[in-house]
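Written below as structure tokens is the structure these notes are about.
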Amino acid sequence: MPVEEFVAGWISGALGLVLGHPFDTVKVRLQTQTTYRGIVDCMVKIYRHESLLGFFKGMSFPIASIAVVNSVLFGVYSNTLLVLTATAHQERRAQPPSYTHIFLAGCTGGFLQAYCLAPFDLIKVRLQNQTEPMAQPGSPPPQYRGPVHCAASIFREEGYRGLFRGAWALMLRDTPTMGVYFLTYEGLCRQYTPEGQNPSSATVLVAGGFAGIASWVAATPLDVIKSRMQMDGLRRRVYQGVLDCMVSSVRQEGLGVFFRGVTINSARAFPVNAVTFLSYEYLLRLWG
């Protein structure tokens with residue numbers, strides 16, 4: 001099994017993570033809290049009360065973990081295509097796989113990514129939702145002192161299953177949307193690249209950016225539900241499951257709740273995924 005795709009996926013995932021984490025923090029706050037009037041209000045309040053570092057809460061853990069999960073996505077995607085088409089990454093421009101195979105490989109990568117991602121994403125969301133200012137003399141400590149303390153607290157208070165809270169919503173979100181993600185990327189690359197040639201850097205950037213937007217527009221409704229279920233149980237259980245969370249959210253806030261955070265998701269998605277795909281393709285060509 002080629003390992004280059006896994007390594008390239010980790011490095012490109014780490015680069016995208018650093019670029020997109022501040023936007024992700026704002027997105028998570030908007031989806032799980034009702035104290036903000038919009039994106040700008042949320043950003044101003046985070047900066048005012050928590051300083052610039054408030055935008056980077058929960059990032060150290062994803063660098064070591066969620067970036068690795070990104071390597072699972074790209075590695076499984078590429079190796080699934082290898083099984084389906086018997087063509088390696090370097091041969092796929094000359095022998096392009098069918099869009100059906102691309103979609104199936106993307107769905108497979110998304111499903112396995114979600115399984116690996118669930119505990120790490122839960123910890124990230126819990127840390128991002130801590131609104132306490134950075135520690136100052138005499139101020140009360142935050143509920144979680146860091147990712148390890150957060151994981152230990154969840155395990156102690158909610159049990160092993162607590163670490164996988166929201167996992168079903170995460171799988172339902174990532175399985176089809178990662179199919180859309182790779183399908184959009186490959187489709188745009190083919191559209192603007194002469195047959196048999198590698199796409200230019202500009203094409204990769206644009207195709208990666210729009211692939212990110214397409215996947216996040218499709219993912220946002222279940223992303224809202226996923227984030228809410230991950231925060232559920234922090235003080236008391238509110239939702240009985242994915243369907244109950246969806247029904248309760250619509251009943252209380254209307255259908256618009258499913259698109260909460262879609263604007264900032266899209267704004268974040270373009271640069272993050274443009275950089276992710278460009279670094280991924282560059283590394284594979286470098287090592288090819």
**Flag side-chain contact, heavy atom, 4.5 Å: L73 against V69** = no
**Asked** About how many Å separate CG of L52 and OH of Y47, when rounded to the nearest 0.5 Å?
**Response** 6.5 Å
**Prompt:** If only atom types and distance count, is the side chain of S12 paired as donor or acceptor with the main-chain N or O of G9 below 3.5 Å?
**Reply:** yes
**Item:** Point-to-point distance, once rounded to the nearest 0.5 Å, from NZ of K124 to CG of L17
**Value:** 8.5 Å
**Request:** Establish, from distance only, whether the side-chain atoms of Y181 and N273 form a donor-acceptor pair under 3.5 Å.
**Result:** yes
**Asked** Is there side-chain contact between M43 and F55, with heavy atoms separated by less than 4.5 Å?
**Response** yes
**Message:** Using ring centroids (six-membered ring only for Trp), state whether F270 and F210 fall under 6.0 Å.
**Reply:** yes
**Message:** Test side chain to side chain contact (heavy atoms under 4.5 Å, CB included) on V257 and Q252; report intermediate values, then the result.
**Reply:** CA-CA 9 Å; V257 70; Q252 294 170 18; over 6 Å; no
**Request:** Tell me, please, which residues at least two apart from F103 pass ring-ring contact (aromatic ring centres under 6.0 Å, His included).
**Result:** none
**Asked** Does OH belonging to Y282 count more than 12 external heavy atoms closer than 6.0 Å?
**Response** no
**Message:** Is the shortest side-chain heavy-atom distance between S71 and V7 below 4.5 Å?
**Reply:** no
**Cluster check Y77, Y99: I/L/V/M/F/W/Y, side chain < 4.5 angstrom** = yes
**Asked** Going by the angle between their ring planes, with limits at 30° and 60°, are F164 and Y115 parallel, tilted or perpendicular?
**Response** tilted
**Prompt:** E50 and Q130: which non-hydrogen atoms are nearest, and at how many Å?
**Reply:** OE1-O, 3.4 Å
**Request:** Show the numbers, then the answer: is there a side chain to side chain contact (heavy atoms under 4.5 Å, CB included) between Q128 and S227?
**Result:** CA-CA 11 Å; Q128 285 175 316; S227 295; over 6 Å; no
**Other residues, nucleotides, ligands: >12 heavy atoms within 6.0 Å of Y192 OH** = no
**Message:** Taking the basic N atoms (NZ, or NE/NH1/NH2) and the acidic carboxylate oxygens, is any pair closer than 4.0 Å for R260 and E253?
**Reply:** yes
**Request:** For the pair K226 (side chain) and P221 (backbone), establish whether a donor and an acceptor sit closer than 3.5 Å, ignoring hydrogens and angles.
**Result:** no
**Prompt:** Rounded to the nearest 0.5 Å, how far does OH of Y36 lie from CD of Q31?
**Reply:** 13.0 Å
**Prompt:** Between F6, W10, F182, which is the residue that forms a ring pair (Phe, Tyr, Trp, His ring centres under 6.0 Å) with F74?
**Reply:** F182
**Request:** Grab the two heavy atoms, one from I39 and one from L30, that are nearest each other, plus how far apart they are.
**Result:** CG1-CD1, 3.8 Å
**Asked** For the residue pair F23 and I264, what are the closest heavy atoms and their distance?
**Response** O-CD1, 3.7 Å
**Aromatic ring pairing Y280/F277, orientation class (parallel under 30°, perpendicular over 60°, tilted between)** = perpendicular
**Linked, directly or transitively: M229 and F259 (ILVMFWY side chains, under 4.5 Å)** = yes
**Request:** Measure the shortest side-chain to side-chain distance between R173 and V224 over non-hydrogen atoms and say whether it is less than 4.5 angstrom.
**Result:** no
**Message:** Are T177 and D174 packed together at the side-chain level, in the sense that at least one heavy-atom pair is separated by less than 4.5 angstrom?
**Reply:** yes
**Request:** Would you kindly confirm whether V40 and V26 end up in one hydrophobic cluster when ILVMFWY residues are joined by side chain heavy atoms under 4.5 Å apart?
**Result:** no
**Message:** Within the 3.5 Å criterion, strictly below it, is a donor on T32 or R126 matched to an acceptor on the partner's side chain?
**Reply:** no
**Message:** Between D121 and L117 (side chain of the first, backbone of the second, donor and acceptor by atom type, cut-off under 3.5 Å), is there such a pair?
**Reply:** no
**Request:** For I123 and C150, work out which heavy atoms get closest and say how close.
**Result:** CG2-SG, 3.9 Å
**Item:** Under 3.5 Å: donor-acceptor pair, side chain of E91, backbone of A88
**Value:** yes
**Message:** Do I154 and H149 make a side-chain contact, defined as non-hydrogen atoms from C-beta onward lying under 4.5 Å apart?
**Reply:** no
**Complete:** Separation between SG (C42) and CD (Q33), nearest 0.5 Å, reads 7.5 Å
**Asked** Looking only at atom types and distance, does a side-chain atom of S279 sit under 3.5 Å from a main-chain N or O of T276, one as donor and one as acceptor?
**Response** yes
**Asked** Can you list the steps and then say if R145 with S153 is a side-chain hydrogen bond (donor to acceptor under 3.5 Å, both in side chains)?
**Response** CA-CA 10 Å; R145 295 191 296 271; S153 298; over 6 Å; no
**Asked** Below 4.5 Å, heavy atoms only, C-beta onward: do S266 and V217 meet side chain to side chain?
**Response** yes
**Asked** Would you say T193's side chain and R190's backbone share a donor-acceptor pair under 3.5 angstrom?
**Response** no
**Asked** Is H21 reaching over with its side chain to a backbone N or O of K57, donor-acceptor style, under 3.5 angstrom?
**Response** yes
**Asked** How many angstroms lie between atom CG of N129 and atom CD of Q230, to the nearest 0.5 angstrom?
**Response** 9.5 Å
**Request:** Decide side-chain hydrogen bond (donor to acceptor under 3.5 Å, both in side chains) for T87 and T85; before the verdict, give the C-alpha distance in whole Å, the side-chain angles of both, and the deciding distance to 0.1 Å.
**Result:** CA-CA 5 Å; T87 55; T85 65; 2.8 Å; yes
**Heavy-atom closest contact (F258 atom, V250 atom, distance)** = CE1-CG2, 3.2 Å
**Request:** Supply the atom-to-atom distance L284 CG to E5 CD, rounded to the nearest 0.5 angstrom.
**Result:** 5.5 Å
**Request:** Is it possible for you to say whether M178 and L81 belong to one hydrophobic cluster, with membership spreading through side-chain heavy-atom contacts below 4.5 Å?
**Result:** yes
**Prompt:** Got Q113 and V76 here, is their nearest side-chain heavy-atom distance under 4.5 Å?
**Reply:** no
**Message:** Can you give me the closest heavy-atom contact between L188 and T203, atom names plus distance?
**Reply:** O-CG2, 4.4 Å
**Message:** Would you say V180 ends up clustered with V204 if hydrophobic residues are merged whenever their side chains have heavy atoms under 4.5 Å apart, either directly or through other cluster members?
**Reply:** yes
